[in-house]
Amino acid sequence: MSEEKIVYAPCEGGSCHEGCLLAVHVKDGRILHTERAVDPYTGEELTQICQKGIECAKLPYIENRIKYPLKRVGERGEGKFERISWDQAMDEVGNKLNEIKEKYGPESVLVYFYPCGLANELGGLNLWLPPRFANAFGATIMSFPPVDKQSVYACQVMMGSFTATMGYDMRLARKANLILIWGGNPIGFTRASQASLYLLDAQENGTKIIDIGAVFDSTAAKADQFIPINPGTDGALALAMCNVLLRDNLWDQDFMIHYTVAPFLVRDDNGKFLRESDIVEGGGDSYVYWNKIPVGPRFVAPHEVIPDEATPDLFAEVVVNGIPCKTAMVHIKNLVEPWTPESQEKITAVPASVVEKLVHELMETENALIFEYYGIRYVNGGYTGGLILLFAALTGLMKNEVGGLAISGLFGEEYPVMWNFSEIITPDGDPAKAKAKTDFVMSKALEKGFPYKALINALGNPVQNWPNRDLWANQVYPKLELIVVHEYRMSDTAKFADYILPDATPLERNDLLFRMNRVTYCEPAIEPIEEVRTVADFWRDLSKRVGVGEYFDKTFDDWFQILLSTNDPAVVSLDQPLTIERLKKEKMVKLNVPEKEKNLWAVMNYEFFTDSGKLEIYSEHLADVGGALPFYTEPIIRGPERKRFPLQLLVYRGRFFMQTQFSDLPDLVQLAGPEPELRMNPADAKARSIGDGDLVEVFNDRGSFKCNVRFTEALPPGSVHVLFSHPADRWNGDPPQALMTPMATSETYDPIVEKWDAYYVERNPYPAIDMEAWVGKGWEPLWDSLCEVRKVEGGK
Ligand SMILES: Nc1nc2c(c(=O)[nH]1)N[C@H]1C(S)=C(S)[C@@H](COP(=O)(O)OP(=O)(O)OC[C@H]3O[C@@H](n4cnc5c(=O)[nH]c(N)nc54)[C@H](O)[C@@H]3O)O[C@H]1N2
Ligand SMILES: Nc1nc2c(c(=O)[nH]1)N[C@H]1C(S)=C(S)[C@@H](COP(=O)(O)OP(=O)(O)OC[C@H]3O[C@@H](n4cnc5c(=O)[nH]c(N)nc54)[C@H](O)[C@@H]3O)O[C@H]1N2
Ligand code: SF4
Ligand SMILES: [Mo]
């Protein structure tokens, strides 16, 4: 009998963006249980963990586990496979890839790796080795789906990078006196650990929490005030909130002048900013503002700030050198003016008096904070995100002690530190050697004759998570000669594979976890079960067979050492250098993160990654396609189709699941309710003569399924809900994804977003993080689907 030992592992559900560290208890090669980790030096208990963290102890042993390399014997999608050896699998996959490369070129091989299902989102090699492979081999990176597009798009346009400050120092939230949570369900649900704790700590100390949401969820239940809003209409509310700021003169002129493009003149003829070169022979690319005393044009170079002694006229409408111009602020004023609090009522159902009070309270409370989450998932979400950012800019709250605006990020809610990802992505760390191009397969490539022949699905479950089952199953996959899926469980996507290669769980491999302002060296709790191999071995084996082995001849520790070699001050200023040897000995190293919480907007001097260095609440790059300013447009669910299909179909994430993961753990399935069921407001049910528990059919033009109804008042009338995590074979009929508005197709195409994505890819400020792929070239419609429900007579 061996001693019980404790090792660290990241929680497999870490893509809730909390990234909890687990202490795993192991004895005799078997995992006993997991619990929250304790700092070995200070004894400090690091994070809470939720049920999913506890259930990780069972993850390696689930029935649905992939234990051996598998080769398809049935039809694609049928899920029939035979066990083969690693050598056979690697030889056959390698030969096929070489053959395809020879015949069609390496770019006909697609590599897909979506980060938001990985235990250790940004530290995990499963995210960094696939793009390295694509770059070395010359494959094509398949673009990510446009999820979380609201704030991602808005930050890219206005701040020049979706990571903005690379995160928000969540410790600051405890000091806010008012927190407005807009569009999400963090408390006790989507951010079940650290973020929930900080938010609830703040509340206990007197902070008022206001939640704007469409569903009475666990955040609404905890909030001091819940503002219910008609789904998909937040843009109209944000416009009215801007209107109140301007009307009551509550906005922050100083912030708008110094840190945004508001004072810059915009040409009436082409919507571009007027430049020095437009009015001065041989002039440069400086922006122009109109000074009041003495009157006339003044120049300000990109990334420079208008001097304090200047008197810019924010509302100038002038003709300069024969060119009629208005300031960007005039454009904003014109946009906002018609949106009185009364005018938005009929769209949002938020009473005008509530809008007035909310804006005044935000402006009159010391240290108010707007927290934007990812829940506004409609085709107008990008513009809604833009309008929320515009509102935040006008408030000037980002200048306050708590940073005023927080956007939930991938980096965890803590002080963000930049690791050396880029060197892994590109062979030899040289961007010039990065051969891969990115494409957005789903829509455009199909139209253009689809040049791809193979797909390596290295990470992610697109068949279930991009609501485009038909497109994958019937349009994309049939065109591919080879589909390889790297997985640890039999996902709906894996069922379409020709070869499935078994990967290790975080309990069977090494990881470096960058969380809680610490780096933790995670070791395998157990050896990989059966014939499972780790990610480092998988890519080493595969790359050798296709001629790029030299780039993958590394161990976990070699890769980790690269990640650690960063210039980030929190790392380089450590007393002892952060090496892999040190980490192996100490297991956990606390970074030199400032002891005192910081407003990161202030740390970066309110300078953004845009051309101007300002918050570009007006984007000249989108002027020709009508997208210079964000605007309100109706979502699909408020369009003409609603007459035929009167219910919003919400195919939501579950508290006990992580997207589609954990749906194969019986305890969690039990907690979630073992049968897929439809949640429905009793008012909608009554109108259809449906009783609680009745069997119903949910349908639209795309498909249908049957399940039982559960009444809930938490959903507003007009919306129905099902959990999206259950795999296809648990549904009686089509899986609910089949009924959703497909993502990344003509239905969600928009010339504004296409223009933006093309431009953004060109000037991407963070090639390593903001991977080219992260644009999606379309809008996210996850909650933007309609259906109808009817009772199945005689069924229970
Ligand atoms: N209907 C509906 N669709 C949605 C959403 C929704 O709310 N409703 N949410 C959307 C959002 S916000 C997101 S982020 C996406 C998420 O989309 P995905 O990232 O595709 O989501 P997951 O279900 O977590 O899938 C991750 C897959 O990777 C596998 N995996 C996890 N860890 C490892 C590993 O270490 N190695 C290997 N090889 N594989 C691993 C898992 O088993 C799982 O099958 O889904 C989107 N789709
Ligand atoms: N347990 C669990 N936690 C998770 C995940 C998981 O699958 N399970 N997934 C993780 C991932 S990848 C992500 S991206 C995050 C997402 O987490 P969040 O950013 O919190 O958002 P969602 O859960 O996508 O959105 C759901 C919420 O959106 C609100 N909502 C819906 N429509 C509207 C609207 O029109 N206006 C407003 N104001 N609100 C609306 C609803 O009130 C609902 O509570 O969660 C992460 N955390
Ligand atoms: S909150 Fe839960 S699911 Fe998320 S990382 Fe922590 S333990 Fe895992
Ligand atoms: Mo996500």
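Because the structure is a prediction, the values reported are computed rather than measured. The first residue of the sequence shown is numbered 1, and numbering continues consecutively from there.
Figure legend: cation-pi geometry between K101 and F137, with NZ or CZ positioned under 6.0 Å from the six-membered ring centre and within 45° of its axis. Cation-pi geometry between R132 and F552 is satisfied (NZ or CZ under 6.0 Å from the ring centre, within 45° of the ring normal). Remark: K587 is not positioned above the aromatic ring of Y521, lacking an NZ or CZ atom under 6.0 angstrom from the ring centre and at most 45 degrees off the axis.
Relative ring orientation between F538 and H486 is described as parallel, the plane-to-plane angle staying below 30° on a 0-90° scale split at 30° and 60°. Note: Y153 and W756 have perpendicular aromatic rings, judged against thresholds of 30 and 60 degrees for the angle between ring planes. The aromatic rings of Y452 and F450 sit perpendicular to each other, their planes meeting at more than 60°, with 30° as the lower class boundary. Between H621 and Y759, the two ring planes are parallel [angle under 30°; tilted spans 30° to 60°].
Scored by the salt bridge (Lys or Arg N to Asp or Glu O under 4.0 Å) test, D503 finds no partners at all (sequence neighbours excluded). For R545, the salt bridge (Lys or Arg N to Asp or Glu O under 4.0 Å) partners are D87, D91, not counting sequence neighbours.
Between W128 and F133, a ring centre-to-centre spacing not shorter than 6.0 Å is recorded. Here the two rings, on W601 and Y606, have centers that are 6.0 Å apart or farther.
In this structure, L369 CG and M398 CE are separated by 11.0 Å, a value rounded to the nearest 0.5 Å. Taking SG from C56 and NZ from K52, the interatomic distance works out to 9.5 Å, rounded to the nearest 0.5 Å.
Of the charged side-chain nitrogens involved, at least one lies within less than 4.0 Å of a carboxylate oxygen, so that R518 and D39 count as a salt-bridged pair.
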